[in-house]
Amino acid sequence: MKRLLLIVLPLLLIVGCEDTTEPVNPLIGVYNMTRISFVIYSSPDETYTFNHDGSNTYMVMILGDDDVYSFQGKLDGDVVSEGGTWSDTGNKLSLVSSDGDSEIGDYIVSGILDYTLSGNNLHMEISYPSGFDSYGHTISYDFTKE
């Protein structure tokens, strides 16, 4: 009987323990920008594409495990620096700037973006409707995870 207890008791302890760790969000990490595109819905539409060149156009985005994000780099020579909090639900990534109004040039970065993560490639996109004094536009971001 003692032998049976010595065999069964450790098995019960192993089976009875649950793994209570939460899964790591696959979005967490450091990303390098490969391309950013702006489509402005004017007449005719205008498209501006900025590819990573390492000196005049580059950007690093960090999505931290503490729900904090940051962008650092340059876009066509303009310094880009912002940060705030992030969260995701389904295929929506919410970026909330800590200063309330983050922009790259004249284009707002923070908001709710559609995203796809395929391997190490992250594609994000956000669209804005036309307003009284502005054209509607879509911004697409492509990043590669380190």
Side-chain angles (χ1 to χ4, degrees), residues 7-146:
I7 294 172
V8 173
L9 186 58
L11 289 175
L12 287 175
L13 291 174
I14 292 171
V15 172
C17 294
E18 288 185 37
D19 184 10
T20 58
T21 59
E22 292 185 27
V24 175
N25 187 321
L27 288 173
I28 294 170
V30 177
Y31 295 84
N32 292 299
M33 186 259 313
T34 55
R35 181 180 61 193
I36 295 178
S37 295
F38 301 93
V39 178
I40 301 170
Y41 303 114
S42 55
S43 185
D45 291 353
E46 298 175 46
T47 301
Y48 301 94
T49 300
F50 302 93
N51 293 305
H52 172 91
D53 67 13
S55 61
N56 201 38
T57 298
Y58 62 92
M59 194 177 313
V60 174
M61 176 180 68
I62 300 172
L63 297 176
D65 61 0
D66 55 358
D67 300 329
V68 173
Y69 79 91
S70 67
F71 284 98
Q72 302 290 326
K74 286 186 178 180
L75 182 63
D76 198 28
D78 293 329
V79 173
V80 175
S81 178
E82 83 167 68
T85 58
W86 72 277
S87 61
D88 72 306
T89 303
N91 68 335
K92 303 287 186 190
L93 177 62
S94 176
L95 302 176
V96 179
S97 171
S98 59
D99 68 7
D101 187 26
S102 295
E103 297 185 1
I104 295 179
D106 294 327
Y107 301 95
I108 298 171
V109 174
S110 60
I112 299 175
L113 298 92
D114 293 317
Y115 80 88
T116 55
L117 181 62
S118 178
N120 289 337
N121 298 314
L122 175 63
H123 175 80
M124 303 180 298
E125 194 167 287
I126 188 166
S127 294
Y128 298 95
S130 59
F132 177 72
D133 61 349
S134 65
Y135 291 110
H137 57 280
T138 297
I139 308 171
S140 299
Y141 304 89
D142 290 300
F143 285 86
T144 300
K145 191 174 187 178
E146 288 184 359

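Residues: numbered from 1 along the sequence shown.
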Discussion item. What verdict does the side-chain contact (heavy atoms from CB on, under 4.5 Å) test give for Met124 and Phe143, after you've listed the backbone C-alpha separation in whole Å, the side-chain angles of each residue and the deciding distance to 0.1 Å?
Written reply: CA-CA 9 Å; Met124 303 180 298; Phe143 285 86; 3.7 Å; yes
Worksheet entry | Set of salt bridge (Lys or Arg N to Asp or Glu O under 4.0 Å) partners for Asp114, sequence neighbours left out |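 Asp114 satisfies salt bridge (Lys or Arg N to Asp or Glu O under 4.0 Å) with Lys92 once adjacent residues are dropped.
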Worksheet item: When the ring planes of Tyr141 and Phe71 are compared, do they come out parallel, tilted or perpendicular, using 30° and 60° as the limits?
Response: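 The rings of Tyr141 and Phe71 sit tilted, inter-plane angle from 30° to 60°.
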Discussion item. Holding to side chain to side chain contact (heavy atoms under 4.5 Å, CB included), I want the full list of residues that pass it with Asn32, two or more places apart in sequence or in another chain.
Written reply: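 Per chain and number, Asn32 pairs via side chain to side chain contact (heavy atoms under 4.5 Å, CB included) with Val60, Glu146.
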Fill in: Contacts of Ser127 that satisfy side chain to side chain contact (heavy atoms under 4.5 Å, CB included) - sequence neighbours left out
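Side chain to side chain contact (heavy atoms under 4.5 Å, CB included) check on Ser127 returns Thr138.
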Measure the spacing between [atom1] of [X] and [atom2] of [Y] and express it to the nearest 0.5 Å.
| X | Y | atom1 | atom2 | answer |
| --- | --- | --- | --- | --- |
| Leu63 | Leu93 | CG | CG | 6.0 Å |
| Met61 | Leu95 | CE | CG | 7.5 Å |
| Ser97 | Tyr69 | OG | OH | 4.5 Å |
| Ser81 | Met59 | OG | CE | 10.5 Å |
| Ile126 | His137 | CD1 | NE2 | 8.0 Å |
| Asn121 | Lys145 | CG | NZ | 11.5 Å |

Item to complete: Applying ring pair (Phe, Tyr, Trp, His ring centres under 6.0 Å), name anything that partners Tyr58, two or more places apart in sequence or on another chain.
Response: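 Checked Tyr58 against ring pair (Phe, Tyr, Trp, His ring centres under 6.0 Å); zero matches.
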Contacts of [X] that satisfy side-chain hydrogen bond (donor to acceptor under 3.5 Å, both in side chains) - sequence neighbours left out:
| X | value |
| --- | --- |
| Thr57 | none |
| Glu125 | His123, Ser140 |
| Asn56 | none |
| Thr49 | Ser37 |

Practice prompt. Check whether any side-chain heavy atom of Asp65 sits under 4.5 Å from a side-chain heavy atom of Val24, and report yes or no.
Written response: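 SC-SC contact between Asp65 and Val24 ruled out.
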Discussion item. Enumerate the salt bridge (charged side-chain N to carboxylate O under 4.0 Å, His left out) contacts for residues 35-64, please, sequence neighbours excluded, ordered by first and then second residue.
Written reply: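 Pairs touching residues 35-64 that pass the test: Arg35-Asp142.
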Worksheet item: If you draw a 6.0 Å radius around OH in Tyr135, do more than 12 non-hydrogen atoms from other residues or ligands fall strictly inside?
Response: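 Counting neighbours around OH of Tyr135, 12 or fewer heavy atoms of other residues, nucleotides or ligands fall under 6.0 Å, so no.
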Discussion item. Under a 3.5 Å cutoff, is there a donor and acceptor pairing between the side chains of Tyr115 and Asp88?
Written reply: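 Side-chain D/A pair, Tyr115 to Asp88: present.
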Practice prompt. Take Trp86 and Ile28 through the side-chain contact (heavy atoms from CB on, under 4.5 Å) test and state the conclusion after the steps.
Written response: CA-CA 10 Å; Trp86 72 277; Ile28 294 170; 3.8 Å; yes
Item to complete: Mark yes or no for whether Thr85, through its side chain, and Asp67, through its backbone, hold a donor-acceptor pair below 3.5 Å.
Response: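 No.
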